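Nothing fancy with the numbering, it's 1 onward along the sequence. Quantities reported herein were computed from a predicted structural model and do not represent experimental measurements.
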Amino acid sequence: MIPVPLRLALLFLLAAVPPQAQARPIAPDPAGASDDNAEDIGRDFALPYIQCVPYARKVTGIQLYGDAHTWWNQADGHYARGSLPKVGAVMAFRPYGAMQLGHVAAVSRILDSRTILLRHANWSPIEGRRGQMEDNVRAVDVSPANDWSEVRVWYAPLGGLGTTHWPVEGFIYNRKPAKTLGPNERLTVLASADAPKAAYTSRIGPDFLKGIVPETSRTPARRPLAARETVKVPVKEDRTLAVSPNLARDPIGRIIASRVR
């Protein structure tokens with residue numbers, strides 16, 4: 001029989017030993033895996049992990065803070081927004097299902113009108129851990145209008161695109177938004193466009209052309225020709241020749257004139 005003091009000591013030691021922790025799986029079963037819980041940090045996954053917001057801010061340079069679902073409205077007036085993917089833009093996901101805080105991912109490459117590559121964090125659990133980075137993973141536009149309002153995203157446990165159609169707000173671009181006119185400015189532009197144009201009034205007075213004779217009415221002055229002077233040079237006794245005075249005064253000219261018949 002065990003003495004009472006020894007029995008009490010054994011009970012004290014047994015009470016100090018912690019109970020054995022239950023083994024719990026940290027990775028989903030690939031056969032039944034689904035991306036429905038993407039972006040859910042999960043209590044069963046090891047920490048620390050990288051959140052999507054600081055990672056998207058780091059790789060794109062877009063300085064927005066707070067939960068991912070607030071980025072779209074925060075960008076209004078600070079960053080340009082649109083519905084078309086561009087390299088370096090942020091794809092802003094709406095909250096959906098278990099993804100209550102939304103999600104943001106950076107566009108790294110555009111493959112075609114419906115396929116892009118993304119860089120993001122805390123989407124797929126990799127090696128049993130969430131909060132991992134993924135670079136250049138596919139996202140496919142599955143919206144009927146090809147407006148990128150719904151996408152399927154690569155999910156590592158499936159080894160391919162996830163089955164969920166994730167709703168997307170749009171894309172945030174790392175540039176200032178285009179300036180838009182206010183209501184009053186629009187009215188001013190429309191009013192000025194519709195207003196009739198004022199008649200043109202010339203500043204030239206009616207007497208501007210007074211005294212100016214049109215070129216077509218001018219008759220060029222003709223210089224009067226001087227009367228031709230002639231001198232009679234005797235050639236023979238019965239002939240005389242009318243020549244110019246210069247020729248008459250020139251001895252050689254007189255000889256030439258005398259030989260002309």
Shortest non-hydrogen separation from Asn136 to Ser108 and the atoms involved: OD1-OG, 2.7 Å
If hydrophobic clusters are built from ILVMFWY residues whose side chains come within less than 4.5 Å, do Ile110 and Leu118 share one? yes
Closest contact, heavy atoms only, Tyr173 versus Ile62: C-CD1, 4.1 Å
Leu117 with Val142, same ILVMFWY side-chain cluster at under 4.5 Å: no
Excluding sequence neighbours, so at least two apart, what forms salt bridge (Lys or Arg N to Asp or Glu O under 4.0 Å) with Arg119? Asp135
Return the NE2 to CH2 distance between His103 and Trp123, rounded to the nearest 0.5 Å. 5.0 Å
May I have all residue pairs that pass salt bridge (charged side-chain N to carboxylate O under 4.0 Å, His left out) and include part of residues 58-73, sequence neighbours excluded? none
Looking at side-chain heavy atoms only, is the closest gap between Val168 and Trp148 below 4.5 Å? no
For Gln100 and His69, work out which heavy atoms get closest and say how close. O-CD2, 4.3 Å
Which residues pass the side-chain hydrogen bond (donor to acceptor under 3.5 Å, both in side chains) test with Asn174, sequence neighbours left out? none
Of all heavy-atom pairs between Asp147 and Ser149, which one has the smallest distance, and what is that distance? OD1-OG, 2.7 Å
Only pairs under 3.5 Å count here: list side-chain donor-acceptor contacts from residues 75-95, not counting sequence neighbours, and write none if there are none.
unit_1 : atom_1 : unit_2 : atom_2 : d
Tyr79  : OH     : Gln63  : N      : 2.9
Arg81  : NH1    : Trp72  : O      : 2.9
Arg94  : NE     : Glu169 : OE1    : 3.4

Side chains of Gln74 and Ile172: does their closest heavy-atom pair fall under 4.5 Å? no
Between Trp154 and His120, is a side chain to side chain contact (heavy atoms under 4.5 Å, CB included) present by the stated rule, with each step listed? CA-CA 11 Å; Trp154 174 271; His120 61 167; over 6 Å; no
Tyr96 vs Trp166 aromatic rings, parallel, tilted or perpendicular, using cut-offs 30° and 60°? perpendicular
Pair Gln132, Asn122 - check side chain to side chain contact (heavy atoms under 4.5 Å, CB included), show working. CA-CA 5 Å; Gln132 304 299 301; Asn122 198 25; over 6 Å; no
Listing request: all salt bridge (charged side-chain N to carboxylate O under 4.0 Å, His left out) pairs with a residue in residues 156-168, at least two apart in sequence or in separate chains. none
Considering all heavy atoms, the nearest Ser124-Ala156 contact: OG-N, 3.0 Å
Please walk me through it: do Ile126 and Glu134 pass side chain to side chain contact (heavy atoms under 4.5 Å, CB included)? CA-CA 9 Å; Ile126 299 175; Glu134 294 179 276; 3.8 Å; yes
Enumerate the residue pairs fulfilling salt bridge (charged side-chain N to carboxylate O under 4.0 Å, His left out) with a member in residues 104-115, sequence neighbours excluded, ordered by first and then second residue. Arg114-Asp141
